[in-house]
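Order of listing sets the numbers, starting from 1, for every ligand and every atom in it.
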Amino acid sequence: EKGNYRHFMQKEIFEQPTVVAQTLSSYLRREDVSVALPQFDFDLSAIRRLTIVACGTSYYAGLVAKYWFEKFARVPVDIDVASEFRYRDPVLEEGGLALFISQSGETADTLAALRHCKENGQIIAVVVNVPTSSMAREADLLLPTHAGPEIGVASTKAFTCQLAVLAALAAHMAVKKGRLTREEEREVVTHLLEAPAALNEALNHDDDIAAMAPLFSQTRDVLYLGRGQDYPLALEGALKLKEISYIHAEGYASGEMKHGPIALIDDDVPVVVIAPSGPLFEKTVSNMEEVRARGGKVVLISDAAGIKQAGEGCLATIEMPVVHPLIAPLVYAIPVQLLAYHVAVVKGTDVDQPRNLAKSVTVE
Ligand code: F6R
């Protein structure tokens with residue numbers, strides 16, 4: 001079932017161009033270059049507030065989507081991990097939209113949060129990979145990802161498919177709210193349709209990333225930095241590395257470094273910087289300088305322009321294709337997944353079944 005792959009996780013990483021294309025094809029109409037959602041019977045344009053709840057990697061997909069919902073639809077977003085959400089007695093206005101993101105559709109905390117929202121007058125939208133799951137059954141708006149079965153415990157293809165659906169939903173909501181013109185909608189759809197090819201290009205760096213994995217095998221800690229919509233990818237990169245290689249890793253918003261974690265930096269701590277070139281890049285470069293000035297070793301994941309500007313003096317660089325910012329989080333997910341994967345392989349851990357973890361967490 002693994003075909004030519006050594007692990008399910010590796011197979012699932014490489015399936016991403018195909019499954020993201022599959023997922024997008026059910027949300028984007030090529031004929032008129034528009035977004036199309038499944039049927040539902042509430043008015044998306046009337047939604048004034050969005051609450052997003054999920055766990056783990058699915059929560060990080062939600063963090064990326066928060067940027068999109070706010071940027072495109074100008075709708076305020078409240079987001080929390082499911083295990084915290086219910087216990088803070090969240091303020092839920094009647095008729096608000098609550099969005100749950102889950103690969104399995106069975107995660108106990110997320111399901112309990114969904115039921116809490118339902119009891120409190122929220123409309124329930126669910127982005128889920130298992131269409132027969134509990135969450136799918138309880139949704140008012142069911143938005144399936146078409147990633148196919150995910151067997152590796154570490155979530156990979158479900159994440160990028162969640163991002164694809166969430167981008168389509170954010171764009172559609174923006175259209176309904178009159179925040180995106182028809183022309184802008186076309187642009188968004190066009191960029192989303194470019195994602196599968198860009199994911200393929202990112203996967204071409206597999207060998208380079210495998211070659212740098214031994215640099216990490218002896219380290220105790222790794223920091224991941226990103227900002228804006230790439231900050232959640234720093235969190236995701238750190239989570240992937242922790243869970244399968246057992247190396248301690250933390251994700252930080254680049255600008256937060258100097259508020260504490262910079263004290264950790266010495267020449268034993270690699271710092272992975274996730275930074276496509278763009279308006280915020282200058283700032284990220286100065287954060288990198290702060291790291292380097294303290295002997296920190298930077299691994300820069302950027303595009304050609306970013307690497308040209310800031311690649312010198314890095315321990316290593318990973319060059320991503322030049323992509324529109326909207327699809328950057330999908331594309332930059334690939335190198336952080338591959339890095340975690342190859343480090344785990346070098347360390348000889350059980351990649352598909354890491355210790356202490358279960359694929360579906362059905363206890364609260
Ligand atoms: C990380 C991972 C977990 C899950 C989390 C939520 O690689 O797989 O963090 O993302 O347990 O699971 P779902 O998405 O099934 O609700």
Could you tell me whether [X] and ligand 1 have an N or O pair separated by under 3.5 Å?
{"X": "Met135", "value": "no"}
{"X": "Lys359", "value": "no"}
{"X": "Ser58", "value": "yes"}

Answer yes if the ring centres of Tyr87 and Phe85 are under 6.0 angstrom apart, and no otherwise.
->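 No: the rings miss the under 6.0 Å criterion.
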Test item: side-chain donor near acceptor, [X] and [Y], under 3.5 Å:
{"X": "Asp206", "Y": "His342", "answer": "yes"}
{"X": "Gln309", "Y": "Glu282", "answer": "yes"}
{"X": "Ser245", "Y": "Lys240", "answer": "no"}
{"X": "Ser360", "Y": "Glu106", "answer": "no"}
{"X": "Glu364", "Y": "Ser83", "answer": "no"}

Hey, which atoms in ligand 1 end up nearer than 4.0 Å to a heavy atom of Lys240?
->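 Going through ligand 1 atom by atom, the ones under 4.0 Å from Lys240 are 1 (C), 7 (O).
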Identify the closest protein heavy atom to [atom]: which residue and atom is it, and at what distance?
{"atom": "atom 8 (O) of ligand 1", "value": "Val153 O, 3.2 Å"}
{"atom": "atom 2 (C) of ligand 1", "value": "Thr57 OG1, 3.9 Å"}
{"atom": "atom 11 (O) of ligand 1", "value": "Val361 CG2, 4.2 Å"}
{"atom": "atom 5 (C) of ligand 1", "value": "Cys55 O, 3.7 Å"}
{"atom": "atom 12 (O) of ligand 1", "value": "Thr107 OG1, 3.5 Å"}

Aromatic ring pairing His7/Tyr341, orientation class (parallel under 30°, perpendicular over 60°, tilted between) |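 Rings of His7 and Tyr341: perpendicular, over 60°.
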Cation-pi between Arg355 and Tyr246: NZ/CZ under 6.0 Å from ring centre and within 45° of the ring axis?
->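 Judged by the rule, Arg355 and Tyr246 form a cation-pi pair.
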Between Glu243 and ligand 1, which part of the residue brings a heavy atom under 4.0 Å of the ligand: side chain, backbone, both or neither?
->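 The answer is the side chain.
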When you look for heavy atoms under 4.0 Å from ligand 1, do you find them on the side chain of Thr110, its backbone, both, or neither?
->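 The answer is neither.
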Nearest heavy atom to atom 15 (O) of ligand 1 wins, so pick from Ala82, Ala54, Ser104.
->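 Heavy atom nearest to atom 15 (O) of ligand 1 belongs to Ser104.
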Walk me through it: do Tyr252 and Tyr224 pass the test ring-ring contact (aromatic ring centres under 6.0 Å, His included)?
-> CA-CA 6 Å; Tyr252 261 94; Tyr224 285 75; over 10 Å; no
Report yes or no: does a heavy atom of Ser360 sit under 4.0 Å from some atom of ligand 1?
->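 No; Ser360 lies far enough from ligand 1 that no heavy-atom distance drops under 4.0 Å.
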